[in-house]
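One structure is given here, and the rest of the page talks about it.
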Amino acid sequence: MPSVRVTFPDGATKEFPQGTTALEVAKSVGPRLAADALAAKVDGRLVDLSHRIQSDAPIQFVTPSSPEGLEIYRHSSAHLLAAAVLELFPDAHPGVGPPTETGFYYDFYREKPFTEDDLAKLEAKMQELVKADLPYERVYYNKEEGIKLFEKMGEFLKCELIQEKADPVFSAYRTGKFLDFCRGPHIPSTGRIKAVKLLSVAGAHWKGDEHSHPLQRIYGTAFFSKKDLDDFLNQIEEAKKRDHRRLGTELDLFSIQDDAGPGLIFWHPKGGIIRTEIEDWLRAELVKRGYAMVYTPHAMRLHLWEISGHTDFYRENMFGPMPVENDRYQLKPMNCPGHILIYKSRRRSYRELPMRLAELGTVYRYERSGVMHGLMRVRGFTQDDAHIFCMPEQLEAEVESCVEFAFEVLKTFGFDRYEVELSARDPNHAEHYAGTVEDWERAEGALIETLKRMKVPYKYMPGEAVFYGPKIDIKLVDAIGRPWQLTTVQFDFNLPRRFGLEYVAADGHAHTPVMVHRALLGSVERFFGVLIEHYAGAFPVWLAPVQAVVLPISEKHLTYARQVSDKLREGGIRVELDDRNEKLNARIRDAQLQKVPLMLVAGDREIERRGVSVRRRDTGDAGFQPLDAFIPWLRELIDTRAVKW
RNA sequence: GCCGGCGUAGCUCAGUCGGUAGAGCAACGGUUUCGUAAACCGUAGGUCGGGGGUUCGAUUCCCUUCGCCGGCUCCA
C-alpha cells in the first residue's frame, strides 16, 4: 500500500498508509488531541476529521483554541439548529446559516412565524440531538442529480443556491433529517457541542434582497463551555444596562418625542451641558489647528444640490424639497455645498491654502422608518464637519493632521482602543470612480504614506471607497469592546470639479484644488450615544452634568451647606444642593443613581472644620476635606479633563 | 421600506376569557431632623398610543394608522 508523509506544525513528519483519515493521524499523536480536534487543516485547506489524506501534506489540527475553531463549531451549531427545526417544523425551508462574530443564525422560509415558545422547544430538541451524537456526514452529488434531490425534498431555496454556486460535483452535509449544500468543514458529531443557546428570531430577506422572499432568521450562539456562554449572556445583560436610550431617560439627558417625530433629538438641560462641554473643547481645538468656524443655511435652493450631484446619487436619503415662492428649497443632508459656496465667494490664491472651514453643521437625512436607533441613527444630527481645500502637494500634511486630531479626540474622551480602515478604489473598475487614475494614486498614496509614517496599523479595504474618493475611517472601541464608526477622512475629486473650484497658483494660472471632507466625532448625537454607553452614564467629572451635590445632614446644617454650594458655584463647578426632606442615605442613593461623581456631606463636624466629607461615586467615602484644598483639587480635575481620577 | 414582537400613570410593570383599571418607584401635602445606597402617613395622577368597525357595552375582538423594540437593508 502506498504511503503518505504528513508534516506537523513543529516540523516533525510521519508516514501513514494512503487514505488515512485526519482523525487517525490525530489519534496517533495522542488521545487528547483526537478528543480536542474539531477539524483539520491539510495542505492549508480546512477539512473534516474524516478527510482521507491522499498525498504528502502538512497537517495541523483545529481545536477550540485555533482561530478557526469557534467558527467551525458555530457553523455546525447552525446545522444542529436546522436539524432541530426540520424535526419540529417540517413546513420550514432552510435558506442559509453561517456563523457570525458572536454566534450563528439560520434563515428559514415558513408561512407561520416562529414564536419565543418555539425557540424553547427548538433548544430542547437540539439538546436531544446533541445527546444522540449525530454525525455530520459529508456526501457528494453531481450538480444535476443534487438539484433533483433537493427539488424532491421541496427545498427550493437550496436548489437556487446550488444552481448559482455549486461546482459540477458538490459536497453536502447530513445531520439527522437535515441535508445541507455546504462546503464544510464540520465537527465530527453533534455530541461535541457543549453550550448552545437560541437568542432571538427576526426577519430577514432571501439573499439580503428586500424584494425577495421574506425569511425568518433564528439567532443563536455557541461556546465551548457553559461558562463562556454564561459570560456572553452576562455581557448582553451588561450592554442592556448601558443602553443609552435607557440611560438617556434615567439621567434625563435627552428624549425623542412622538409629537415631534422619530429620529429627532431633544437635548434636555443635562444632555445640553455635556454637549456644550464637548463642543467648547472641540471649537478650541479647531481654532488651535487653523480651522475657521463658519455657519451655513439649513435650507438652500434645490438647484445647488443638482450642481453637487446630490439629487442624483443621494436622493433617497434626502427629505423632499419644499416649495418656496416660485422655487424649491432643500433641507441640507450635507454641509459640503455650503462650504464650497464660501470658498467660491471670491477668487482664491494659493497663499490662502490650505483653507480649513469647520462647522458644527446640522443636517437632515431621510432614514427609512425601521432603521432609527436612539441617538445612533437619527434623521436630524449635527456633524463636526470640516472641508479642507488645498493643493495636491499639501494633502499628506493635512491627512496627518486630521488623523492626529482624531487621536486627540479619542484620548480626550477616554477611548484607548481603535481600528483604522483605509478604503481604496477597486482597481478593476476605474469607470466607477470620479477623478483620474493619477488623482487616485496620489490620494491613496498620501493616505497610506501618512498612516505608515504615523505607525498606525490599518486594514486596507480595496473596493470600499466611495465613488468620489478614498477615505480613512477610524472606529473606536468602547469599554465593553464594541466598535463604533465615528471619524471619517475622505478625499473628494468630484465636487471641486462640479463646482469649478479654482485657486491662482504661483504660476499665475488657475488650478483645481483638492478637497478633504472630515468629521471626527462624526455626529454629535451618535458620539454622545457612544459616550453614554462607554461610561455607562458615569461621565468623567469635566463632562458630568452635575459635578458635585452638597448634602446637609439635617435642616440645621442648611445654611452652611448653602455657603458651600455657593462657593463651589463661584469656582465654576456645577453643584447642586440637595435640601430635600429625605434621610442622608436616601439622598446619597439618589445621587449615586444619577451618577454624580462627588457627594459632599455637611454636618456639625464639617462646619467646625470648614470643609466637607467627600463621597466618591466609584469608591465611596473618601474622608474629610477642607474646602480650601477640595475646591482647587476639583478645579484641577475639571480643567485637565481627567478621565481617571 | 420589509419580517416578527410590543404600546396600560412620569418610570417599571400587573390586570381585564368584553361590564370603562391596579402595584412599586417618582410627584405633591404632612410627620420626622437624620452621618455615607431607599423613614413614616396621606393625596393626586390613566379618553389602557390615535382613528374606525363589531357589540346593549370595547382597554380587551376586528381593521387601519402612529410609535417603540429585535433584525434585514442602509449608514454619521
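Residue numbers begin at 1 in each chain, while the letters A, B, ... track the order of the sequences.
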*Pairwise P distance, B:C13 and B:C66 [rounded to whole Å]*: 25 Å
Answer for the Watson-Crick or wobble partner of B:U60, both distances under 3.5 Å, is none
Given the P atoms of B:U12 and B:G53, what is the spacing between them in whole Å? 33 Å
For B:C28, the nucleotide meeting Watson-Crick or G-U wobble distances (both under 3.5 Å) is B:G42
Notebook entry, point to check: Should A:Arg526 and A:Glu533 count as an ion pair when the cut-off is N to O under 4.0 Å?
Noted result: no
Of A:Ser523 and A:His205, the one whose closest nucleotide on RNA chain B sits nearer the 5' end is A:His205
Checklist entry - According to the 5.5 Å centroid and 30° plane-angle thresholds, does A:Phe381 stack upon the nucleobase of B:A76? => result yes
### Task
Please state whether the phosphate of B:C69, meaning OP1 or OP2, lies under 4.0 angstrom from any side-chain nitrogen or oxygen of A:Arg245.
yes
Report task. May I ask you to evaluate whether A:Arg365 reaches the phosphate of B:C74, defined as a side-chain N or O under 4.0 Å from OP1 or OP2? Result -> no
Applying the 3.5 Å cut-off to both distances, the Watson-Crick or G-U partner of B:U55 turns out to be none
Quick check, are the ring centers of A:Phe491 and A:Tyr468 under 6.0 angstrom apart?
no
Check your understanding: Hey, does the side-chain of A:Gln592 have a donor or acceptor N/O within less than 3.5 Å of a partner on the base of B:A38?
Key -> no
Quick note, A:Arg589 side chain, CB onward, closest among B:C72, B:U33, B:A37 is B:A37
Using Watson-Crick geometry (N1-N3 plus N6-O4 or O6-N4) or G-U wobble (N1-O2, O6-N3), each under 3.5 Å, B:C13 is paired with B:G22
Side-chain atoms of A:Leu593 come closest, of B:U36, B:A37, B:G1, to B:A37
**Message:** Does this structure show an ion pair linking A:Asp252 with A:Lys270, if we count only N-O contacts that are shorter than 4.0 Å?
**Reply:** no
In whole angstroms, the gap separating C1' of B:G70 from CD of A:Gln216 amounts to 13 Å
Separation of B:U73 atom C1' from A:Arg217 atom CZ, nearest Å, is 11 Å
Answer for the Watson-Crick or wobble partner of B:U73, both distances under 3.5 Å, is none
Here the distance between atom P of B:A76 and atom CG of A:Asp473, to the nearest Å, is 8 Å
Atom NZ of A:Lys583 and atom P of B:U33 are separated, to the nearest Å, by 11 Å
Quick note, A:Ser554 side chain, CB onward, closest among B:U33, B:A38, B:G67 is B:U33
Margin query: Is A:His373 close enough to B:G70 that one of its side-chain N or O atoms is under 4.0 Å from OP1 or OP2 there?
Written below: yes
B:U31 versus B:G24 - spacing of their C1' atoms, nearest Å:
22 Å
task: Verify the contact: side-chain N or O of A:Thr249 to OP1 or OP2 of B:C11, cut-off strictly under 4.0 Å; return yes or no.
output: no
Answer for the Watson-Crick or wobble partner of B:G7, both distances under 3.5 Å, is B:C66
Quick note, A:Ala586 side chain, CB onward, closest among B:A37, B:U73, B:A39 is B:A39
Side-chain atoms of A:Glu367 come closest, of B:A76, B:G70, B:U73, to B:A76
Suppose we call two aromatic rings close when their centres sit under 6.0 Å apart. Are A:Tyr219 and A:Phe104 close by that rule? no
Looking only at B:G35, B:U36, B:A76, the nucleotide nearest the A:Ile553 side chain is B:G35
inquiry  = Suppose we call two aromatic rings close when their centres sit under 6.0 Å apart. Are A:Phe381 and A:Tyr364 close by that rule?
reply    = no
Ring centres under 6.0 angstrom apart (A:Phe467, A:Phe313):
yes
_Any donor-acceptor pair, under 3.5 Å, between the side chain of A:Arg246 and the base of B:C11, if you only look at N and O atoms?_
no
Partner of B:C48 under the Watson-Crick or G-U wobble criteria, both distances under 3.5 Å, comes out as none
Quick note, A:Arg368 side chain, CB onward, closest among B:A76, B:A27, B:G1 is B:G1
Paired to B:U36 by Watson-Crick or G-U wobble criteria (both distances under 3.5 Å) is none
Open item on the list: Between the base of B:G67 and the side chain of A:Gln257, is one N or O donor paired with an acceptor at under 3.5 angstrom?
Closed with: no
Under 4.0 Å between a side-chain N or O of A:Tyr219 and OP1 or OP2 of B:G4?
-> no
| Any Lys/Arg nitrogen of A:Glu404 or A:Arg289 sitting under 4.0 Å from an Asp/Glu carboxylate oxygen of the other? | yes
Per the atom types in the model, does the base of B:A37 pair as donor or acceptor with the side chain of A:Arg615 at under 3.5 Å?
yes
N/O (side chain, A:Lys556) to phosphate O (OP1/OP2, B:C34) under 4.0 Å: yes
